[in-house]
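To start, the structure itself, in structure tokens.
Just follow the structure's listing: the first ligand is 1, and inside any ligand the first atom is 1.
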Amino acid sequence: MDKKKGVLVSGGGGYIGTHTAVELINAGYEVVIIDNFSNSDESGVKGVREITGKDVPFELVDTCDKEALRKVFEKYEFDTVIHFAAYKAVGESMDQPLKYYQNNLVSFMNIVEMMKEFGRNNVLFSSSATVYGEPETLPVTEESPRQPATSPYGNTKQMAEDILRDCCRAYDSLYGIALRYFNPIGAHPSAMIGELPRGVPNNLVPFITQTAAGIRECLSVFGTDYDTPDGSCLRDFIDIVDLAKAHVAAVDRMTQDKMEGKYEIFNIGTGRPVSVLELITTFEEVNNLKLPYKIVGRRPGDVKAVWADTSKANRVLGWEASRPLGETLKAAWKWEKNIRDME
Ligand code: WQD
């Protein structure tokens, strides 16, 4: 394995990890996936192998297990790690804060410690627009202030960003990029990988596709009394394949030694606000179906509106989102039908 082309993808069995592994391989990188399957299963890794035709190495590893992680670093030559492995359910984190702080922070600190111990150079961290909370001004730039986290999940994202920043400053060989995702949605056009939420989906699009599939009776729209054009919340829904390609652009930047500093942050979104009701209407139109939904009260913790200023990623990474929302929602529905063996 060529160290410069080698990329370890922790949590690579998950939704964003699998899509990113595919795009990395398409770009010529040699990927190793590790995952503990706490929120995914082997089907994602199989999908990556089928799509790329590569027998991608996989290790069943919990990144909180430092000795198991050390064995991965001893076995494989890679200079870059993309760290996805984390719990990500906002609501669950409110009920189980310690589970989130231990898992999300210990796993990340183990990764950074191993990078230092083995003299590996590049860490790409999966952060989130949730760090912006309820922004005062929109769109948010990377300089927009982070708001005090409203959930332990969001707090682990902010704390991990600071851990990465401080370690890059302290350790000569370490470089880091944090990608702040907005709302990832959709699936690979092949419908061989996609989002596989366990239990009742928290997020909007998987709830929509499961409702369309008849698995859920009716979608609840959490509030249309916001001060927005149609009363429903505004979000920046970013296609999962566009998001995956942003990771390739960030890895290119690090492996080609183009970093201007030791630690950089990028917003990864479309820059286009879309409302919940607009997304529902678009889903119905492009998939030619009627979605049963009802308007209910607001969901505690929801922000009214958040979307990205993506000019820094456009300019510095040479990346921008390109897939139209309709195509993304077609792919989401195709994926749902595929996993439910529906026509
Ligand atoms: C989007 C909009 C809901 C479900 C969260 C995390 C973020 C990232 C993405 C992990 C909101 C509305 C939703 C439903 C609805 N997660 N909605 N009915 O809350 O913007 O972001 O997920 O990295 O970090 O904070 O995403 O999809 O849950 O909600 O009306 O059944 O859809 O009120 O306005 P969110 P979401």
### Message
Suppose I only count heavy atoms of Thr130 and a 4.0 Å limit; which atoms of ligand 1 are within that range?
### Response
24 (O), 25 (O)
### Task
Mark yes or no for whether Glu264, through its side chain, and Met259, through its backbone, hold a donor-acceptor pair below 3.5 Å.
no
### Summary
the protein heavy atom lying closest to atom 18 (N) of ligand 1 turns out to be Ser220 O, 2.8 Å
### Task
Check Asn202 against ligand 1 and report side chain, backbone, both or neither, counting heavy atoms closer than 4.0 Å.
backbone
### Which of the ligand 1 atoms, numbered from 1, are nearer than 4.0 Å to a heavy atom of Val276
2 (C), 12 (C), 32 (O), 34 (O)
### Query
Which residue owns the protein heavy atom closest to atom 22 (O) of ligand 1, what's the atom, and how far is it?
Asn203 ND2, 2.9 Å
### Message
Test your reading of the model: is there a side-chain donor-acceptor pair from Arg120 to the backbone of Phe78, 3.5 Å cut-off?
### Response
yes
### Query
How are the rings of Trp333 and Phe283 set to each other: parallel, tilted or perpendicular (split at 30° and 60°)?
perpendicular
### Query
Are Thr270 and Asp236 linked by a side-chain donor-acceptor pair shorter than 3.5 Å?
yes
### Message
What protein heavy atom lies closest to atom 21 (O) of ligand 1? Include the residue and the distance to one decimal.
### Response
Asn183 ND2, 3.6 Å
### Query
Sub-3.5 Å donor-acceptor pair from the side chain of Arg340 to the main-chain atoms of Gly214, do we have one?
no
### Task
Just jot down the ligand 1 atoms closer than 4.0 angstrom to any heavy atom of Val221, in number order.
30 (O)
### Query
Side chains of Tyr29 and Thr255: is there a donor and an acceptor less than 3.5 Å apart?
yes
### Message
Within ligand 1, which atoms have a heavy atom of Val90 less than 4.0 Å away?
### Response
6 (C), 25 (O)
### Task
Starting from atom 19 (O) of ligand 1, find the nearest protein heavy-atom neighbour and note its residue, name and distance.
Arg299 NH2, 3.0 Å
### Any donor-acceptor N or O pair under 3.5 Å, side chains Asp239, Thr328
yes
### Summary
When distances are taken from atom 20 (O) of ligand 1, the protein heavy atom at minimum range is Arg235 NE, 2.7 Å
### Atom pair CZ/CG of Phe237 and Leu279 - distance to nearest 0.5 Å
5.0 Å
### Message
Quick test: of every protein heavy atom, which one is nearest to atom 27 (O) of ligand 1, and how far off is it to 0.1 Å?
### Response
Leu204 N, 2.8 Å
### Task
Could you name the option among Phe222, Phe84, Tyr293 that has the heavy atom nearest to atom 14 (C) of ligand 1?
Phe222
### Query
In terms of side-chain heavy atoms, does Asp242 have a donor or acceptor partner in Ser322 at a distance below 3.5 Å?
yes
### Message
Could you identify the single nearest non-hydrogen protein atom to atom 33 (O) of ligand 1 and state the distance to 0.1 Å?
### Response
Asp302 OD2, 2.6 Å
### Task
Would you tell me whether Glu59 and Tyr76 have side-chain atoms, one donor and one acceptor, within less than 3.5 Å of each other?
yes
### Task
Check each atom of ligand 1 against the heavy atoms of Cys233 and keep those under 4.0 Å away; list them by number with element.
34 (O)
### Message
Suppose we measure from atom 16 (N) of ligand 1 to each protein heavy atom; which comes out shortest, and what is that distance?
### Response
Tyr153 OH, 4.0 Å
